[in-house]
Amino acid sequence: AYTPRPEHHFTFGLWTVGNVGRDPFGEPVRSAISAPCIVDKLGELGAYGVNFHDEDLVPRDASASERAQIIKDFRAALERTGLKVPMATTNLFTDPAFKDGAFTSNDARVRAYALQKTMRSMDLGKEFGAETYVFWGGREGTETNAAKDPRDAMKWFRDALNFLCEYNIAQGYDYKFALEPKPNEPRGDIYLPTIGHALAFIETLDHPEMVGLNPEVAHDTMAGLDFTHGVAQALDAGKLFHIDLNDQKPGRYDQDFRFGSVNVKDNFFLVKLLEDAQWNGMRHFDAHAYRTEDEQGVWDFAAGCMRTYLILKEKAARWNADAEIQQLVRELKTRGDGAGNDGVKFSPERAKALKEQQLDLPAIRAQGYAYERLDQLTIEVLLGAR
Ligand code: GCO
Ligand code: MN
Ligand code: MN
Ligand code: MN
């Protein structure tokens, strides 16, 4: 029951299972695994697809013939495993040229380079049939606001996305663009730090319908926010285009831990939300193995992400089928029915009637909501006690 299969739509980035364990204090601890090997192994484990940044696949300094060989070998691996490439993205953070940002750098040459690199990377993604294009603005930020007026940064960011939306149309690519918010790291503060900032920004673009979100568990958790609420708001706005699943302790650096490894309860409610909404997007794991691991640990990590998702999905179904839980939920959903104003359109008559309505405030004030009972039952489902 917990065996991942392609129809579950689990995907990984080349950069996730390919992570060599470099950190700001230490050198790589694992050797790089070639893209075709990653594809073979993910296929064996039951994943649906693999995603990449331009440079994960084709190094920046590759010659034309090296590039052709890399693409040929990668394509062959995709063909023999049946793995898809649902998403592609641009590395706009490794090259020192991007130290002041990419689309929001003060230097117009850097902003041009960022556009050039993104267009080339969009071309590469389309060679493999990618449908979603992610924008993670990791370097789009500052350490000091002396650097630039943040209104200029917003304008440059908007100009770049408007330009790339037109490129998307002109090329007939039909990509869905997904902005990925993050509060900080690697910049001191990053622009568009939360789901809410990004949602509001999208509405200022020339083609808001083309642009949505790629929220990540770790990024909202770093900021101390409730990720499930943010994802629900993106769903409500029709803007959940992609999702980065992983795990994270609040108040830490960007840990990108195995999905479900830290906060089982929050991730349970996240999986329940995605499954209850019948969201049909990719379940992408943007995470990596602990730095202590060898290659076996990497595959244990990847298998664990998918298995935990499937376990939490089963727990959500159990929660939805639990008679006692559902009785409490029904009571909550129907409480005070008839007296409320839900779904009632404004009319002067309705407003007048509502102003005169007698509400039993003493009873309302005295009632309890039974959330202690409901939450305990939830914990018992999660702990396997019911
Ligand atoms: C991070 C980000 C990145 C992006 C990736 C795809 O915090 O490191 O989550 O992993 O998701 O660059 O755009
Ligand atoms: Mn990260
Ligand atoms: Mn992250
Ligand atoms: Mn991410």
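Residues take their numbers from the sequence shown, with the count starting at 1. The basis for the numbers below is simple: all heavy atoms, side chains too, and nothing from hydrogens, waters or symmetry mates. In each ligand, atom 1 is the first atom listed, and ligand 1 is the first ligand listed.
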Find, among atoms of E180 that are N, O or S, the one nearest to the Mn ion (ligand 4), and state its name. OE2
Nearest heavy atoms of N51 and M87, plus distance in Å: OD1-N, 3.0 Å
Would D40 and R80 pass as an ion pair if we require N to O under 4.0 Å? yes
With respect to Y133, which candidate in Y175, F52, Y167 satisfies the ring pair (Phe, Tyr, Trp, His ring centres under 6.0 Å) definition? Y175
Has D256 got an N, O or S atom lying less than 2.8 Å from the Mn ion (ligand 4)? no
Salt-bridge contact K352-E349 (side-chain N to carboxylate O under 4.0 Å): no
E216 atom (N/O/S) at minimal separation from the Mn ion (ligand 3): OE2
Looking only at N, O or S atoms in D286, which is nearest to the Mn ion (ligand 4)? OD2
Do R335's NZ or CZ and the ring of Y369 fall within the cation-pi criteria of under 6.0 Å and 45°? yes
When you measure from the Mn ion (ligand 3) to each N, O or S atom of D254, which atom gives the shortest distance? OD1
If I consider every N, O or S atom in D244, which one ends up closest to the Mn ion (ligand 4)? I only need its name. OD2
